[in-house]
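Below: the structure, in structure tokens.
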2 protein chains.
Amino acid sequence: MLQKQGQMFSKACEYGIRASIYIAEQSQLDRKVGLKEVAESIDSPIAYTSKILQQLSRNKIINSEKGPGGGFSMDKQELDKVYLSTIVLAFDGEEIYKGCGLGLKQCNEKMPCPVHDQFKLIRDKLKTMLETTSVQSLTADFEKGLTFLKR
Amino acid sequence: MLQKQGQMFSKACEYGIRASIYIAEQSQLDRKVGLKEVAESIDSPIAYTSKILQQLSRNKIINSEKGPGGGFSMDKQELDKVYLSTIVLAFDGEEIYKGCGLGLKQCNEKMPCPVHDQFKLIRDKLKTMLETTSVQSLTADFEKGLTFLKR
DNA sequence: TTAATAACGGATAAATTTGTCCATTAATAT
DNA sequence: ATATTAATGGACAAATTTATCCGTTATTAA
């Protein structure tokens, strides 16, 4: 009754990353995709997914076109410039890198919390990972059916 | 309006770790501490902190005694056996180690999400860090005023 | 045995996050 | 022009997390 969650990113961010990977993969095949298809492909609630895609669109991570033949897509040329960090930033901000592991507002080298150094190691690794992992680099295995976006 | 949070642990868990460090330090000085003192020392809402301390107590991480002269404490002898992982487990469970970075229910070597390997690296490091950092090891610098639990 | 102290536990409220619904807007095709 | 398609945006609802309030229980001391 006080026990809960424990996830690295918000649900919105998780959906955002999953959706981006799916859209990126389909864009490489020159396919635009609609809201319904995205939601089904990543097993996410459709109405909420709509908000997620809007957020991605507002942040220029994906393109969206209205009307018949419309849908969501990503520029093939730009695909290698979209990193996980880009998406995480759009949903969860940079708290996860910058924020204190114990929730202190002011926590830095000068005035560190007791676990500052230990967390810095982890957070820096996470930051580097997110900043060097492009969405494009994740599509190949997904297309081959080696990785999954639902279940 | 969809942008939010981004913290490694729940607020409850953050308070739980901070409270444990404070209580551990005071226990090393053979001082029991009351709810009010803990809340003030870690700058947390007093009523919520009460729940936090109950949770720590139920999980045998701290001792609590009612009545005059009562308060919260930790066994000096046991202090080196309480790791950050112990506290995190009590509040956030083991999702943060075991859970999928993209929120998939089923995500493992056989059926990995697209970022499974990348996340595994980070999560394993986090796990190791939490499992090897004892609360006791954090008290010395706090007592010397080199690290902080508020602000 | 009474009064005082301090943690406990249940109910409830506030805030945030997650999720839904539906009317509107933009684009396309007939 | 009109109908159809598909994303957009606003309001709202549910669920979860964070936080408060207060009466009860246990302990100690007078």
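Below, each value reflects all heavy atoms present in this structure, side chains not excepted, and no hydrogens, waters or symmetry copies. Just so we're on the same page: letters track the sequence lines, and every chain starts at 1.
A search for side chain to side chain donor-acceptor pair (under 3.5 Å) contacts involving A:Lys120 returns A:Asp124, not counting sequence neighbours. For A:Ser134, the side-chain contact (heavy atoms from CB on, under 4.5 Å) criterion is met by A:Tyr83, A:Gln136, A:Ser137, not counting sequence neighbours.
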I'd like a table of donor-acceptor pairs (distance under 3.5 Å, sequence neighbours excluded) in which one partner is a side-chain atom from residues 102-109 of chain A, with atom names and distances.
{"from": "A:Asn108", "atom 1": "OD1", "to": "A:Lys110", "atom 2": "N", "distance (Å)": "3.0"}
{"from": "A:Asn108", "atom 1": "OD1", "to": "A:Met111", "atom 2": "N", "distance (Å)": "2.9"}
{"from": "A:Glu109", "atom 1": "OE2", "to": "A:His116", "atom 2": "NE2", "distance (Å)": "3.3"}

Exercise answer: donor-acceptor pairs, residues 68-81 of chain A side-chain atoms, under 3.5 Å, sequence neighbours excluded:
{"from": "A:Lys76", "atom 1": "NZ", "to": "A:Asp30", "atom 2": "OD1", "distance (Å)": "3.2"}
{"from": "A:Lys76", "atom 1": "NZ", "to": "A:Asp30", "atom 2": "OD2", "distance (Å)": "3.2"}

Per-pair distances, 0.1 Å, donor-acceptor, side chain in residues 35-44 of chain A, under 3.5 Å, sequence neighbours excluded:
{"from": "A:Glu37", "atom 1": "OE1", "to": "A:Arg31", "atom 2": "NH2", "distance (Å)": "3.3"}
{"from": "A:Glu37", "atom 1": "OE2", "to": "A:Tyr22", "atom 2": "OH", "distance (Å)": "2.5"}
{"from": "A:Glu37", "atom 1": "OE2", "to": "A:Arg31", "atom 2": "NH1", "distance (Å)": "3.1"}
{"from": "A:Ser41", "atom 1": "OG", "to": "A:Tyr22", "atom 2": "OH", "distance (Å)": "3.2"}
{"from": "A:Ser41", "atom 1": "OG", "to": "A:Glu37", "atom 2": "O", "distance (Å)": "2.6"}
{"from": "A:Ser44", "atom 1": "OG", "to": "A:Thr49", "atom 2": "OG1", "distance (Å)": "2.6"}

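Contact between the side-chain N/O atoms of B:Arg58 and the OP1/OP2 oxygens of C:dG9 is found at a separation under 4.0 Å. Under 4.0 angstrom from either OP1 or OP2 of D:dA7 there lies no side-chain N or O belonging to A:Ser57. A sub-4.0 Å separation between OP1 or OP2 of C:dG9 and a side-chain N or O of B:Gln54 is present.
Per the geometry, CD belonging to A:Gln7 stands 12 Å off C1' belonging to D:dT17, to the nearest Å. Between B:Lys32 atom NZ and C:dA7 atom P the separation is 11 Å, expressed in whole Å. Computed from coordinates, the B:Lys36 NZ to C:dA6 P distance equals 10 Å when rounded to whole Å. Atom CE in B:Met8 sits about 18 Å away from atom P in D:dT17, given to the nearest Å. Per the geometry, CZ belonging to A:Phe9 stands 16 Å off P belonging to C:dT17, to the nearest Å. In this structure, CG of B:Leu53 is placed 14 Å from C1' of D:dA19, rounded to the nearest angstrom. Regarding A:Ile62, its CD1 atom lies at a distance of 12 Å from the C1' atom of D:dT8, rounded to whole Å.
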Per-nucleotide protein contact along nucleotides 19-30 of chain C, 5' to 3', at a 4.0 Å heavy-atom cut-off (B base, S sugar-phosphate only, - neither), is BB----BBBB--
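For the ring-ring contact (aromatic ring centres under 6.0 Å, His included) condition, no pair includes a residue of residues 124-151 of chain B, sequence neighbours left out. Applying the side-chain hydrogen bond (donor to acceptor under 3.5 Å, both in side chains) test to pairs two or more places apart or on separate chains, none has a residue in residues 142-151 of chain A.
More than 12 heavy atoms of other residues, nucleotides or ligands sit less than 6.0 Å from atom NZ of A:Lys11.
Using a 4.0 Å cut-off on heavy atoms, none of the residues of residues 18-27 of chain B approach DNA chain D.
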